[in-house]
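Worksheet: one structure, shown below.
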Amino acid sequence: MGWTRLTIKPMKKLFALAAGAAALVTLAAQPASANAQAECDMQDGLVCLWNIKGELSTVPSVPSGQCRNTVLYYEIRNWSGRYARAWEGKDCTGRNQLVSANDGQVFLNWGGGAWSLGGL
């Protein structure tokens with residue numbers, strides 16, 4: 001009987017360690033913006049911007065032909081009724097990427113983030 005107890009005890013420890021490791025992997029696999037995503041509400045009609053830490057900033061849509069300097073962002077979700085353009089530099093300069101109206105979500109595909117937002 002003593003031998004059986006030794007076999008069961010290490011197995012319980014092994015299962016506990018495996019469960020703990022699985023929980024850590026699940027937490028680590030969450031995208032940076034997962035918590036902020038709930039705060040980016042479609043009904044608000046705003047443009048949502050996330051920085052590299054996953055912190056959310058919201059701005060109104062930019063009218064056609066205008067530019068708005070913003071916080072440095074790496075992900076954008078456009079709930080406005082207007083198309084937008086994410087610009088790498090301030091004052092709508094540098095590389096850019098089109099963001100669709102109403103649920104256009106873009107993960108910027110260049111090395112750095114974006115500093116401005118242009119209206120189409």
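Note that the structure is a prediction, hence the values are computed from the model and not measured.
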For G89 and S116, the nearest pair of non-hydrogen atoms, with its separation, is O-OG, 2.5 Å

Is the side chain of R77 donor-acceptor paired with the backbone N or O of W50 at a distance under 3.5 Å, no angle test?
no

Test your reading of the model: is there a side-chain donor-acceptor pair from N78 to the backbone of S100, 3.5 Å cut-off?
yes

Nearest 0.5 Å, what's the CG-CG distance between L117 and L49?
6.5 Å

Spacing of CD belonging to E75 relative to CG belonging to L108, to within rounding of 0.5 Å
8.5 Å

Considering all heavy atoms of both residues, which atom of C48 and which atom of W79 are nearest to each other, and what is their separation?
SG-CD1, 4.2 Å

With distance as the sole test, does S80 use its side chain to make a donor-acceptor pair with the main-chain N or O of S61 at under 3.5 Å?
no

What are the two closest heavy atoms between Y74 and I52, and how far apart are they?
CD1-N, 3.5 Å

Least distance between heavy atoms, R68 atom then C92 atom
N-SG, 4.4 Å

Looking only at heavy atoms, what is the nearest atom pair of R85 and L98, with distance?
NH1-N, 3.7 Å

Given 3.5 Å as the limit, does a donor-acceptor pair link the side chain of N51 with the main chain of G54, or not?
yes

Find out if a path of hydrophobic residues (ILVMFWY) with successive side-chain heavy-atom gaps under 4.5 Å connects V59 to V62.
yes

From OG (S57) to CG (L46), nearest 0.5 Å
11.5 Å

So which atom in W87 and which in Y73 form the shortest heavy-atom distance, rounded to 0.1 Å?
N-OH, 4.0 Å

For D91, what residues pass the side chain to side chain donor-acceptor pair (under 3.5 Å) criterion, not counting sequence neighbours?
N69

